Each structure stands twice: as structure tokens, then as C-alpha cells.
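Note sheet for the following structure.
Because only heavy atoms are used, hydrogens play no part in the values below, and waters and symmetry mates are left out as well, while side chains stay in. Numbers restart at 1 for each chain; the letters A, B, ... are given by sequence-line order, proteins then strands. Since the model is a prediction, treat every value here as computed from it, not as a measurement.
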There are 2 protein chains.
Amino acid sequence: MSMEEGTSKEPGYSCCTEDAFQWDTREDCEVRQILDRIGDKWSLLVIALLDNRSLRFSELKKTIDGVSQRMLTVTLRQLERDGLVRRTVHPVVPPRVDYELTPLGVTLHATIQSLVNWTETHQNQIALARAAYDIRTAAEKAGV
Amino acid sequence: MSMEEGTSKEPGYSCCTEDAFQWDTREDCEVRQILDRIGDKWSLLVIALLDNRSLRFSELKKTIDGVSQRMLTVTLRQLERDGLVRRTVHPVVPPRVDYELTPLGVTLHATIQSLVNWTETHQNQIALARAAYDIRTAAEKAGV
DNA sequence: CAGCATCCCCGGTGATACTG
DNA sequence: CAGTATCACCGGGGATGCTG
């Protein structure tokens, strides 16, 4: 990592240009950091699943195949910190904790849902493209 | 990659339910794999930048802050394999290679752009939420 | 200029055990 | 049930050097 960055910019600085055709991709850019968060292994799935309903920790854990308890906890804490998910602790035994999208989270959900929809719609095209690429590549390798 | 997948499901199997309220999150699900690809560290940035224009390798490298030559190459190969990016080699010296979105890539670009737009629009809200969370957390810790 | 091969590190992640 | 704490790992990714 770069170790000399603390002095380079003032607090209120907005790193993203208004030009839709070009935007700042600096690593310290707020947009980059948020995209990294959204694009991590689990956040997107959590937000997609928390569609206008609240789910318990165990329900999320059960629904998201492959997530460990630790990573689900970490992911939910990050999303809570970002103001995208609300965490509600019910003071009962055994403990019960519900998670739901905040209004801000709901607005993001819409965008993410369209990404999921795109994926579902085009998965066959991608599968075909991959197969074609692999065949082409194998042929070239054999042709050498 | 997983080496034991051929036996678990038949080819035409669609892992995602039609119910928009619930979808399959199994790790071997095609949608999961594609979302992982889209959500990796660099793919999203590349697609966002390749908005209806072609860019040279060096231009992409220069524009995307922090990407190494290796990772840019790897990312572009994956996107090419997925049929999202077209790679054009010009037989000149020094070599010149252009990258542009395929028609399929263009359709994804639209969705990704809306995600970027969401991020730009709400970055201040998120920054505030984070600050509030940190203060709250620090207070609780001190209160213990 | 573009990109492959190699080496190697480190932090994200899973596994496990323990608490309220 | 819903966490927290700790440890060990391995693979993503950077650095470097070489090729067409």
C-alpha cells in the first residue's frame, strides 16, 4: 500500500468528476471503497435477500449457502455501519436478532436486484461464451 | 476450480427459482459465480470505464488507479472469456491491443453504471452513517 | 507495448472453542 | 440463538524479470 497518503487531500474533497463519461478511480476514492464493499463476497447477497422483510440471523445463515457464522456477522456489521441494514435485538431468551434494510438500503436493493436480474437473464449467454472461449483456447494450444 | 461438479446436476438445470422474492444462493449456482466475477476487485471498474469506446491496455492501466499489470491482464481475460469484452490485437510494432465492450457487455454496463451512480449519489449518506456508527460504538465501549 | 512466468507475502476467511 | 475470540491456512494479488 502507499504509505504517504494522509497529507495529500483535504477532508471535503470530492474525488468524482461530474462527467459521466469519466470518473475518478483512485483507490482512496469514496466511490471505490463503497463499490469494494458492495462487491465483496457476501454483502450483495445479504442485501438481495433482505428484500422488504426482516430476517433472523439464523435465517440468513441458513439461506446463504456457504457463509460462515463469522463472515455473516462481519458482513452484517459492515452493512449496519454503512447505514444499509438495521439490526434489532429482542431481549428474550434465547436471543433473537432481526435484520432489515433501512430506507437507504432499500434504494440500493433496487439497483442490486437489477444486477441479479441481469445475471439470471444472461447466464446462458455467458455459459456459451465461456465454452466457446475454452474451445478456441484449447485449439490454439494444440495448434502450437 | 471445483473438479467434482459434473455428477451433481443435469446440464439444463436452472438453479434459480422464478420467485423474485427468493432465489437460490447455492455456491455452485451459475448466478453466484457470475456475481462473484462481477463483484471482484477490478471487473466492475473495467466495465464501467469501457463505456462505448475502446481503450488500449496501457490506457486502462493508467486510468484504473492501483491495478497491477498482472491483475489487469487476468481481469481482461476473464471478461473476454465471459463474452463481455472484445480483445483486438493490432499486428504492429510496438504491439497495440484494444479492448471494448461486446453487445452483451454493453447491456451489463447499463446496470453497473446505475450502481456507480447510486454510489456517487449516496456516498455522503454512507459517510455520515459510518461516522455515527463509530461514535455510537466508541461510546458504548467507553460506557462499559 | 503487451503480457506471461515465477516467487512470495499477507490478510481475508474458515474452523473451532467459548460466552451471555 | 447469536454472537466473540483465537488460530491457522491458502490463495489472491503484488513485485520482478523475461519475451515477442
message: A:D98 vs A:R87, test: salt bridge (Lys or Arg N to Asp or Glu O under 4.0 Å). Steps then yes/no.
response: CA-CA 6 Å; A:D98 286 329; A:R87 177 172 177 265; over 6 Å; no

[N] [atom2] sits how many Å from [X] [atom1], rounded?
X	N	atom1	atom2	value
B:L72	D:dG12	CG	C1'	16 Å
B:W42	D:dG12	CH2	C1'	12 Å
B:E80	C:dA2	CD	P	15 Å
A:D36	D:dG12	CG	P	17 Å
A:K62	D:dC1	NZ	P	11 Å
B:K61	D:dG14	NZ	C1'	11 Å
A:M71	C:dG12	CE	P	9 Å
B:D65	D:dG14	CG	P	11 Å

message: Taking ring-ring contact (aromatic ring centres under 6.0 Å, His included) as the definition, give me every residue that meets it alongside B:W42, ordered by chain and number, with sequence neighbours left out.
response: none

message: Are the side chains of A:R86 and A:T88 in contact, using a 4.5 Å heavy-atom criterion?
response: yes

message: Across nucleotides 4-9 of chain D, 5' to 3', mark each nucleotide with B, S or - according to how protein heavy atoms within less than 4.0 Å reach it.
response: B-B---

message: Would a single hydrophobic cluster contain both A:Y133 and A:I126, if residues Ile, Leu, Val, Met, Phe, Trp and Tyr are joined by side-chain heavy-atom contacts under 4.5 Å?
response: no

query: Does A:V92 share a hydrophobic cluster with A:Y99, counting links as ILVMFWY side-chain heavy atoms below 4.5 Å and allowing steps through other members?
result: no

message: For a quick check of understanding: with a heavy-atom distance under 4.0 Å over all strands, which category does B:K41 fall into, base, sugar-phosphate or nothing?
response: sugar-phosphate

Side-chain donor/acceptor of B:S43 to backbone N/O of B:D40, under 3.5 Å: no

task: Select from A:S68 and B:P95 the residue whose nearest nucleotide in DNA chain C is closer to the 5' end of that strand.
output: B:P95

- prompt: Under 4.0 Å between a side-chain N/O of B:R56 and OP1 or OP2 of C:dC1, yes or no?
  reply: no

message: Just N and O in the side chain of A:S58: are any of them under 4.0 Å from OP1 or OP2 of D:dA2?
response: yes

field: CG-CG distance between B:L101 and B:L50, expressed to the nearest 0.5 angstrom
entry: 5.0 Å

query: B:F57 has a side chain; which of C:dG3, C:dT13, D:dC1 sits nearest to it?
result: C:dG3

